[in-house]
There are 2 protein chains.
Amino acid sequence: MDQELTILKDYLKQKGLRLTPQRESILKAFIENEGHLEIEELFDRAKAIDSSIGIATVYRTINLLTECGLARENSLPNGKKFYERLFRQGHHDHLVCNNCGKIVEFEHPLIEQFQKDVALKHDFILQNHQMALYGICSDCKS
Amino acid sequence: MDQELTILKDYLKQKGLRLTPQRESILKAFIENEGHLEIEELFDRAKAIDSSIGIATVYRTINLLTECGLARENSLPNGKKFYERLFRQGHHDHLVCNNCGKIVEFEHPLIEQFQKDVALKHDFILQNHQMALYGICSDCKS
DNA sequence: ATTATTATTGATATTCATTATCAATAAAGG
DNA sequence: CCTTTATTGATAATGAATATCAATAATAAT
């Protein structure tokens with residue numbers, strides 16, 4: 001996580017902010033989990049590293065990670081929020097099981113291409129996107 | 001909105017629930033606005049029809065409309081929820097301006113096709129999906 | 001029609017996630 | 001080492017959504 005730490009450091013420096021043990025621990029907990037972390041999960045993982053960390057600091061830090069481009073905030077249509085790693089992680093979208101909640105990542109270059117076309121046609125400068133497919137996964141079909 | 005009213009009626013009947021003036025007013029307010037309504041907006045529009053309607057009834061009713069397939073709950077990645085009309089409204093996805101918040105609808109049959117492919121490949125039964133493209137709209141470019 | 005049953009309503013209390021506040025603490029620079 | 005100021009954890013405050021509840025209204029039975 002050296003590269004990520006450097007990115008965070010640089011961002012903090014540029015903003016006149018400080019790198020603290022808590023921020024480092026939360027970054028570590030975040031990077032070690034490639035998946036789709038809700039705040040409470042991240043809080044638990046961070047506490048495993050430093051039990052004194054408070055939930056408020058987790059909220060504050062995940063916002064910093066989002067601002068400096070290491071994390072991305074996302075939410076399901078029902079509004080449930082989660083965070084995912086962005087840096088050194090290919091862009092991906094999500095398949096979500098409506099029954100068990102399982103999330104599978106996928107990517108599809110052609111869809112990405114068409115998205116660019118759509119944005120162009122509507123005269124938008126495309127910055128990012130979000131796509132989720134909902135259905136029943138193979139495990140839940142039976 | 002006769003068709004929509006019939007759908008709601010049938011749904012309520014099947015569940016042993018009742019069609020009330022409030023529910024009818026909220027449906028009317030919802031149908032008259034094709035766009036992307038947040039709860040507070042829907043509340044305001046419904047109050048314009050019947051000023052005695054309470055916010056709790058709006059929440060209860062939009063949930064009913066969602067259950068019977070007339071509305072769809074959706075949310076931006078930041079978790080902000082809104083509702084859109086589903087029945088007799090072609091499926092569409094969203095272009096969202098990161099600057100002014102403007103939402104433009106679009107549809108792209110090929111993207112839909114590829115989504116089906118992805119679901120098939122991962123052995124999912126596809127039920128619905130959600131896609132939003134974020135960027136800067138033409139108005140905000142200048 | 002009248003009445004009995006029960007869903008519905010609006011107001012408000014409650015819950016839950018997130019943010020703001022604040023005194024104590026700890027970085028960073030001089 | 002000292003001063004300045006960002007940071008922290010605990011907790012209060014906020015805001016969105018849901019639950020509660022007594023009063024009301026819709027439906028069915030009489």
Inset, instruction - Please report, rounded to the nearest Å, how far the C1' atom of C/dA27 is from the NZ atom of A/Lys13. - result: 14 Å
Inset, instruction - Check the distance between C/dT19's P and A/Ile62's CD1 and give it to me in whole angstrom. - result: 12 Å
Between the protein and nucleotides 15-17 of chain D, are there any N/O to N/O pairs under 3.5 Å, and if so, what are the atom names and distances?
{"residue": "D/dA17", "atom": "OP2", "partner": "B/Tyr59", "partner atom": "OH", "Å": "2.5"}

Inset, instruction - Could I get the full list of side-chain contact (heavy atoms from CB on, under 4.5 Å) partners for B/Asp10, not counting sequence neighbours? - result: B/Thr6
Inset, instruction - Please list, chain by chain and in numerical order, all residues satisfying side-chain contact (heavy atoms from CB on, under 4.5 Å) with A/Ala71, sequence neighbours excluded. - result: A/Phe30, A/Ile62, A/Leu65, A/Thr66
Inset, instruction - Would you please name every residue forming a side chain to side chain donor-acceptor pair (under 3.5 Å) with B/Ser138, sequence neighbours left out? - result: none
Legend entry - Pairing residues for B/Glu32 by the salt bridge (Lys or Arg N to Asp or Glu O under 4.0 Å) criterion, not counting sequence neighbours: B/Lys28
Inset, instruction - Mark yes or no: B/Lys81 above the aromatic ring of B/Tyr83, with NZ or CZ under 6.0 Å from the six-membered ring centre and no more than 45 degrees from the axis. - result: no
Inset, instruction - Would you mind building the protein contact string for nucleotides 1-12 of chain C? One character per nucleotide, 5' to 3', B for base within reach (heavy atoms under 4.0 Å), S for sugar-phosphate only, - for untouched. - result: -----BBSBBB-
Inset, instruction - Kindly check if the number of other-residue, nucleotide or ligand heavy atoms within 6.0 Å of NZ (B/Lys80) is above 12? - result: no
Legend entry - Separation of B/Arg72 CZ from B/Phe87 CZ (nearest 0.5 Å): 15.5 Å
Inset, instruction - Flag the pair A/Lys15 and A/Glu67 as a salt bridge only when some basic side-chain nitrogen lies within less than 4.0 angstrom of an acidic carboxylate oxygen. - result: no
